[in-house]
2 protein chains.
Amino acid sequence: MGFIVEGEEGKDVVMEPPPNFSMVEEGIYRSSFPHPCNFAFLETLNLRSIIYLCPEPYPEENLEFLRSHNIRLFQFGIEGKTEPSAATLKDAIRAALKILIDVRNHPVLIHCKRGKHRTGSLVGCLRKLQNWCLSSVFEEYQHFAGIKSRTADLRFIETFEIICLRLCLHSIIYQYQGYGSKKRRLLYREETAQKPQITSI
Amino acid sequence: MGFIVEGEEGKDVVMEPPPNFSMVEEGIYRSSFPHPCNFAFLETLNLRSIIYLCPEPYPEENLEFLRSHNIRLFQFGIEGKTEPSAATLKDAIRAALKILIDVRNHPVLIHCKRGKHRTGSLVGCLRKLQNWCLSSVFEEYQHFAGIKSRTADLRFIETFEIICLRLCLHSIIYQYQGYGSKKRRLLYREETAQKPQITSI
């Protein structure tokens, strides 16, 4: 946990997370579009990558932040205003999910513009992969979307086929880990073989 | 991350987190009151303790779940309906915070009844300890409280003196940890001396 109790020179640094910020899982965060005032906070997350769900180019100052912190950007351009076709959306979300669940990309921040619809849809599909019941998935989506909740997003999440994703991930094995006996995590074969230390992050 | 892709006998287990469930930080979760339908989900968190913020006795079936999973219960009885005196509330929250930030109690779940006011106040004070700016602290509180947001809680969080808590925690040292150079965590001296492995959870 990042308890920044004193700044680098002993001075307090006030942390400003982006609006709609939250931790999704160990190593997975979500938020609205981060601005320079949020960079000091983002530094405390030690991000390895960012999943950006809008088609607009990433601003230069954000790219500079990424370069200087060695953070990799994965962009999946999903239209925010006009409703994307179901097939396009499904392809983008499936591709983003593959990046998201790969622990080699963690810690990862997911964001779109407001952190409501596109981010909410991706997190919703992740929850389905984690076998959350649909009412809990919807409750979480609505938490972040608030009054802007969209029925089309809920329908998308509900009908998203995770079995297909599971079949795609044929190179992934399951492995128990952590100090409890019940905790599992997805790991790639090559990761297990070459970099076992990465599992203890 | 607990990807339960298949159940113990190869069957899918549907996970039902308690309403208002969320991850606060690595090893810290929050929710409303968990019921037996949520126990399968709670198992995946490998909890070491629960911080319960209501005065009502813990139900027998919940106590049985705690016993069988070796989870320690820390109860701080804060009245939900009648407004507790500021001094009583401050004492309870301060005591709960000390338990909360002690990594030896992690993973820990904080809950009250609805996961809105008492839980929100405790998490709000934790965020202040993490130097979050007040508007972000309030935004998070309001996320979970929704239309039930209480001005008295926001005022309590705003005026809660964390400097006092920092002074109380004289036995705690700060230590860099994680694979990034900027990540810090609070650790007790004895923990560092006796059980260094606990720092890699």
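Only this structure's heavy atoms are used, side chains among them; waters, hydrogens and symmetry mates stay out. Note on naming: letters A, B, ... go to the chains in the order of the sequence lines (proteins, then strands), and numbering restarts at 1 for each one. Just so you know, these numbers come straight off a predicted model, no measurement behind them.
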Donor-acceptor pairs are to be reported for all side-chain atoms of residues 72-79 of chain A against protein atoms at under 3.5 Å, with residues two or more places apart or in another chain.
from    : atom 1 : to      : atom 2 : distance (Å)
A:Gln75 : NE2    : A:Cys54 : O      : 2.7
A:Gln75 : NE2    : A:Glu56 : O      : 3.0

Donor-acceptor pairs under 3.5 Å, side chain of residues 109-117 of chain A to any protein atom, not counting sequence neighbours: which ones?
from     : atom 1 : to       : atom 2 : distance (Å)
A:His111 : NE2    : A:Tyr58  : OH     : 2.7
A:His117 : NE2    : A:Lys148 : O      : 2.7

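Comparing B:Ser135, B:Ser136, B:Gly27 by heavy-atom pairs within less than 4.5 Å of chain A, the highest count is held by B:Ser136. When each of B:Asn20, B:Leu134, B:Val24, B:Val137 is checked for heavy-atom pairs under 4.5 Å with chain A, B:Asn20 comes out on top.
Note: B:Asn131 CG to A:Thr44 OG1 = 10.5 Å, rounded to the nearest 0.5 Å. Summarising the geometry, atom OH belonging to A:Tyr29 is positioned 7.5 Å from atom CE belonging to B:Met23; distances are rounded to the nearest 0.5 Å.
For B:Phe41, the part sitting under 4.5 Å from any heavy atom of chain A is the side chain, from C-beta outward, and nothing else. Contact annotation for B:Glu139: only side-chain heavy atoms (C-beta onward) come within less than 4.5 Å of a heavy atom of chain A.
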(message) Is there a side-chain contact (heavy atoms from CB on, under 4.5 Å) between A:Met15 and B:Arg127? Walk through the geometry before answering.
(response) CA-CA 9 Å; A:Met15 293 295 154; B:Arg127 296 311 193 186; over 6 Å; no

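Side-chain atoms of B:His143 and A:Phe144, non-hydrogen and from C-beta on, do get closer than 4.5 Å to each other.
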